[in-house]
Amino acid sequence: SVLPHGNLKCRALFTNLGSKYTDRHLFLSHVISGPPLFTQVTEIRTKEVVDSDNIGDNMEDKFEIGPLVKKKTIDVSFASKIHDAGGSQGISVVSKKKMADTPENYAKLRDKFAKIESSRLEKEKEIIEREQIENDSKEKGSKILTVETGQNKRIVFITHFNVFMYATCYWIQSGTLPYLTKKLGADPVSFGHLQTVFAIAQLVGGPVYGRLGDLFGERTALITAFSSSVLTYLLTGVSYSLPILFLSRIPSVFLHVMQGSQMVVTALSSDKDRAAALARLGFSYGIGMVIGPTIGGLVTTNFGEYAAAFLAAAGSSFSLLLVILYVPNIPKQVQPDSNQSVLNLKKIFSLILIPKAGSLLLVKTVCGIPIGIMQSMFSLIAMEQFKLPADQNGMLLSYIGALSMFMQGIGISAFTSRFSDLALLKFSSISLVVCYYLLSMLSSLQDFMLLQIPMVCSLSLINSILQSSLTKSVPSSQTGTMLGLNMAVHSTIRTVAPTIGGAMMANLGYPSIGYLGMGCNMVVLLLLKMLDLQ
């Protein structure tokens, strides 16, 4: 073994102490320069002497073990010092055979040191590279796509465009549906039954559709949703009798384009930006909601109701093609068990038992009841309370829609970037308590329009945050199912709201809606205080 001369605290591995030891360990504390070489041995262990014949050939230099270890003596063959050509640098050597103090031996030792060091560095580099490859592989396997990458920006853009197309096509055929039912000889009761069939189909399909997206991915879910819309609108276009028109509502059980788009945005957004990202989908939907009825009215007037249905089918087909061509499969951080059934109702409704998820759904239900009733009775309120004709009623709806679009496009992002979700939920609930109380008292249209500014902003804020919080309350492999349950709550309220609202307006009058909203949001404040929603 060799030791660099004059180097304090150097490490030396004695690989050739002598063939007489089969198991030995020497630990050196320091080396003192100058001949002869003195080394303090702090530990030595010997097991077996295998070459005792050569003991007599060795020099009898004695090394004594430190005071804390049982004293033993060992034989060290030779202690030499090898210098370079200039004689200024030297290497202390302990070896069985004596080495000549020549520049050639010095060069050989230096070469050995260089090879040992080079080998060590290569091994360290190989270990570092292997660990880096393993880490990169793990990150690539578990990475959740974010909207910073160019591909994902394209996916988000296509998703927003498809939401706009979906809203446009939906309102094209929805606006013409009353005229088509009348043309087929249906009375208002039959039209109400048709709407009930659609609401029930949406209610049943929401959770199942979400489960489909969790098991097979967002791309499959969007393809299913747009295929359902194409089939629904085509059947509407060939509905020459009421039974076929009712049959056209059945494929709408999977007509959940908005829910599928929310699943895509949820997968591509971070927890911090999710509420704003989901709200921007509402902005895209609002644009289609404004344009769709206008296009539907023009097409119906000039070409008939069936042409409007076929136009909606063509628009949905174009969106379906965009999904097939440009929306890839989005990897999930936790892969779901694909062997489980889509119709596993136990798995679907087990999410309600998650404490935070169940609490958020309860809050959404309580705060959604009054606004659901108000929306279902809005046209009646505008006509009875404010005496508005049909054209001014439409303008009032456009005004509220513009407020909602502004809040979803800009306002929610500004709020969520500065305040916590829980603080915004409490603020929105307090604001809605005041707004509903004022709603029960006002009687003029101007006051009603002014009140819509804080009311619409608070409703948009609380709905977006609740929706975002629901997706955060479950594993990423179950966000689709949770969005489906969220949609089911909305569909349930929308189904029962007209009946409840009609009874309230007939028996208690318009102010009762304001009192109901005030009471429900006070309950929401109490729930936010009692439940653990952090």
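Formation of a donor-acceptor pair under 3.5 Å by the Ser228 side chain with backbone atoms of Thr224 is not found in this model. In terms of modelled atom types and a separation under 3.5 Å, the side chain of Ser428 and the main chain of Leu425 share no donor-acceptor contact. Ser420 places a side-chain N or O within donor-acceptor distance of the main-chain N or O of Ala423, the cut-off being under 3.5 Å.
At a threshold of 4.5 Å between non-hydrogen side-chain atoms, the residues Asn162 and Leu222 do not count as touching. Counting heavy atoms from C-beta outward, His490 and Asn486 have side chains that stay 4.5 Å or more apart.
Sparse packing is recorded around CE of Met522, with 12 or fewer heavy atoms of other residues, nucleotides or ligands lying under 6.0 Å away. Within 6.0 Å of atom OH in Tyr179, 12 or fewer heavy atoms from other residues, nucleotides or ligands are found, so the atom counts as exposed in its surroundings.
In this structure, a donor-acceptor pair under 3.5 Å is present between the side chains of Thr471 and Arg274. For the residue pair Thr481 and Asp214, a side-chain donor N or O sits within less than 3.5 Å of a side-chain acceptor on the partner.
Atoms OG1 and CZ, from Thr232 and Phe254 in turn, are 11.5 Å apart once rounded to the nearest 0.5 Å. Note: Tyr285 OH to Phe164 CZ = 12.5 Å, rounded to the nearest 0.5 Å.
Checked against the 6.0 Å centroid criterion, the rings of Phe448 and Phe386 qualify as a close aromatic pair.
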